[in-house]
Amino acid sequence: MAAKIARLELANIRAVHAFAREQGIDCDSNPCNTTDVIYDAGRWVLAQKAVRALQDAMPGDNAAVYTFHGPDEVRSKFYCGKGGDEGVFGGISYEAGSINAYKFTIGVLKLCLKKGLDLQTNTPVTRVDRLPEGFYKVDTPRGTVTARRVVMATNGYTAHLLKRFQGHIVPLRGHVTAQRPGLNMPQGGLENTYTFSYAKGYDYMIPQPPGSKFEGDIVIGGRLSSAASEGLYEYGTTDDSTEDEDTMQDLSNTLPQYFGDNWGTDHPDGRTRMKWTGIMGYGPDGLPFVGEMPGEKDLWVSAGFQGHGMVFCWMSARGLVEMMEGRDGEELRGWFPDAFRIHQSRFGLTFKDRMHTHGDPSA
Ligand SMILES: Cc1cc2nc3c(=O)[nH]c(=O)nc-3n(C[C@H](O)[C@H](O)[C@H](O)COP(=O)(O)OP(=O)(O)OC[C@H]3O[C@@H](n4cnc5c(N)ncnc54)[C@H](O)[C@@H]3O)c2cc1C
């Protein structure tokens, strides 16, 4: 199953960039490598073990191509400084990519509009009910729609409409900043995206590629553990017009720590250009829910993508359409992970730990 998920992830990355290219969507599409920089001894051991297990399970597979870097190479090749008390233990690079998700989505919506999509913006669905004759009634503040089939692609907000997801897709507020690079850093942008992994969690970083509006800027998000009780109260937060000040403050300070002397002095216009929050959807097993709701015919879901959904939601949508069109056979089972499907048993799972922080046992 892990091998299938790894293949799906790589196929998803490639498919999104290929679609953007083929359809001429202007979205800063940048297929590139990513590097995990690891600042914790335990995590470094675990990361190497995980990659080797993957490579043993799928030798020669494109989705198992990973390159290890020792601490010196991480510093010399990726501009990383010493970074914290323990310093860098190592790094791992593999195929990834970055994209301006907003511009990509607008591009996809424009294509859909040309095909006849009826798009109603600023129109939240407030209720979904099944009518006795089998249709669904979908209420909004601007009217009601009746539909034979409904697809819920509402991610972190799904449980608001489908109560069965309470406790199974839990909203989690994430924090992001866009920062101008320090004056010693490459002003045209770093080549790779990065993840910085440390004992209490991780931060993820995307440089804005050449030709983008803020070329060279570094987008960095994460620091969940900086909020009270290591981010516990970010779970259940659905309001992305608000932020946790401690988290934002930490994120704003983090790049000079990661890059050390390679950062240099801050840009004269200031380090942080923009900051924002967004809502993700987390579940107990860390996997999305894709398929028809058990016992609720014609009610379909593709949601719960955690903080890693851009690499899953495209292919999950493809898988969902295959299921909806009745092509749910060998071919689909060959590439779409069973673990992503909506099985009744997954509604019995509860959160036992937190995925991206150690979690404070006293909290
Ligand atoms: C801060 C942050 C950082 C992230 N970083 C990464 C990353 O680096 N890599 C990665 O792979 N993924 C990342 N993700 C995750 C990724 O953005 C999501 O997994 C992905 O967007 C999921 O796509 P989606 O369309 O399923 O859900 P969303 O993009 O969440 O879209 C859900 C949509 O449903 C709409 N909606 C919800 N309820 C209703 C309703 N009642 N009526 C009408 N509309 C409704 C919402 O308005 C929203 O437009 C990040 C997410 C966040 C928030």
Side-chain angles (χ1 to χ4, degrees), residues 34-44 46-47 50 80 83-86 89 96 98 101 155-159 167-179 193-206 218-259 271-272 274-288 303-313 349-363:
T34 194
T35 303
D36 293 354
V37 181
I38 298 170
Y39 291 95
D40 177 72
R43 285 194 176 221
W44 177 231
L46 212 60
C80 293
D85 294 338
E86 291 188 279
F89 282 86
S98 69
N155 209 27
Y157 301 91
T158 305
H168 304 295
I169 297 181
V170 175
L172 173 65
R173 185 177 62 176
H175 292 68
V176 192
T177 60
Q179 304 187 28
T193 64
Y194 295 19
T195 294
F196 300 104
S197 177
Y198 45 90
K200 278 189 172 180
Y202 74 90
D203 304 330
Y204 51 92
M205 190 204 90
I206 305 107
I218 296 177
V219 173
I220 181 159
R223 286 282 143 168
L224 181 58
S225 56
S226 297
S229 294
E230 295 196 1
L232 181 65
Y233 306 111
E234 298 302 314
Y235 287 83
T237 301
T238 52
D239 184 358
D240 63 1
S241 68
T242 55
E243 66 182 47
D244 175 72
E245 280 179 22
D246 293 339
T247 309
M248 276 307 184
Q249 188 61 45
D250 261 17
L251 269 181
S252 302
N253 291 333
T254 198
L255 285 172
Q257 290 162 17
Y258 286 134
F259 291 108
R271 197 186 301 152
T272 301
M274 267 183 270
K275 52 186 182 146
W276 63 95
T277 60
I279 309 301
M280 298 168 271
Y282 273 65
D285 61 11
L287 300 171
F305 289 102
Q306 331 286 319
H308 202 51
M310 278 159 60
V311 294
F312 287 140
C313 56
L349 298 175
T350 51
F351 279 82
K352 294 211 164 39
D353 203 347
R354 282 187 265 159
M355 251 176 88
H356 300 312
T357 61
H358 275 337
D360 174 359
S362 63

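Note that the numbering runs from 1 along the sequence shown for the chain.
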Quick one: closest heavy-atom pair of [X] and [Y], and the distance?
X: Tyr282; Y: Phe351; value: O-CZ, 3.5 Å
X: Met205; Y: Ile218; value: CG-CG2, 3.3 Å
X: Val176; Y: Tyr204; value: CG2-OH, 3.7 Å
X: His168; Y: Pro284; value: O-CD, 3.6 Å
X: Thr277; Y: Ser241; value: OG1-N, 4.4 Å
X: Asn155; Y: Thr158; value: O-OG1, 2.6 Å

(message) The test is side-chain hydrogen bond (donor to acceptor under 3.5 Å, both in side chains); show your working for Asp203 and Tyr194 and say whether it passes.
(response) CA-CA 8 Å; Asp203 304 330; Tyr194 295 19; over 6 Å; no
(message) Run Asp244 and Thr237 through side-chain contact (heavy atoms from CB on, under 4.5 Å) and show every step you take.
(response) CA-CA 11 Å; Asp244 175 72; Thr237 301; over 6 Å; no
(message) Under the criterion side-chain contact (heavy atoms from CB on, under 4.5 Å), I'd like the reasoning laid out for Ser197 against Asp36: C-alpha separation, chi angles, the key distance, then a yes or no.
(response) CA-CA 7 Å; Ser197 177; Asp36 293 354; 5.7 Å; no
(request) Tell me, with the steps shown, if Cys80 and Tyr39 meet side-chain contact (heavy atoms from CB on, under 4.5 Å). (result) CA-CA 11 Å; Cys80 293; Tyr39 291 95; 4.3 Å; yes
(request) Is it possible for you to check whether Arg223 lies under 6.0 Å from the centre of the six-membered ring of Phe196, through NZ or CZ, and within 45° of that ring's axis? (result)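 No.
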Inter-residue atom distance [X].[atom1] - [Y].[atom2], 0.5 Å rounding:
X: Leu251; Y: Leu224; atom1: CG; atom2: CG; result: 10.5 Å
X: Asp250; Y: Glu245; atom1: CG; atom2: CD; result: 12.5 Å
X: Met280; Y: Ile169; atom1: CE; atom2: CD1; result: 14.0 Å
X: Phe89; Y: Arg43; atom1: CZ; atom2: CZ; result: 12.5 Å
X: Thr247; Y: Lys275; atom1: OG1; atom2: NZ; result: 11.0 Å
X: Glu234; Y: Ser229; atom1: CD; atom2: OG; result: 11.0 Å

(message) Any donor-acceptor pair under 3.5 Å linking the side-chain atoms of Thr242 with those of Arg173?
(response)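 A pair is found: one side chain offers a donor N or O, the other an acceptor, under 3.5 Å apart.
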(message) Less than 4.5 Å apart, side chain to side chain, heavy atoms only: is that true for Arg271 and Asn253?
(response)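 Yes, at least one pair of side-chain atoms sits under 4.5 Å.
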(request) Taking side-chain hydrogen bond (donor to acceptor under 3.5 Å, both in side chains) as the test, write out the residues that go with Ser98, two or more places apart. (result)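 Scan of Ser98 (side-chain hydrogen bond (donor to acceptor under 3.5 Å, both in side chains), adjacent residues dropped) gives none.
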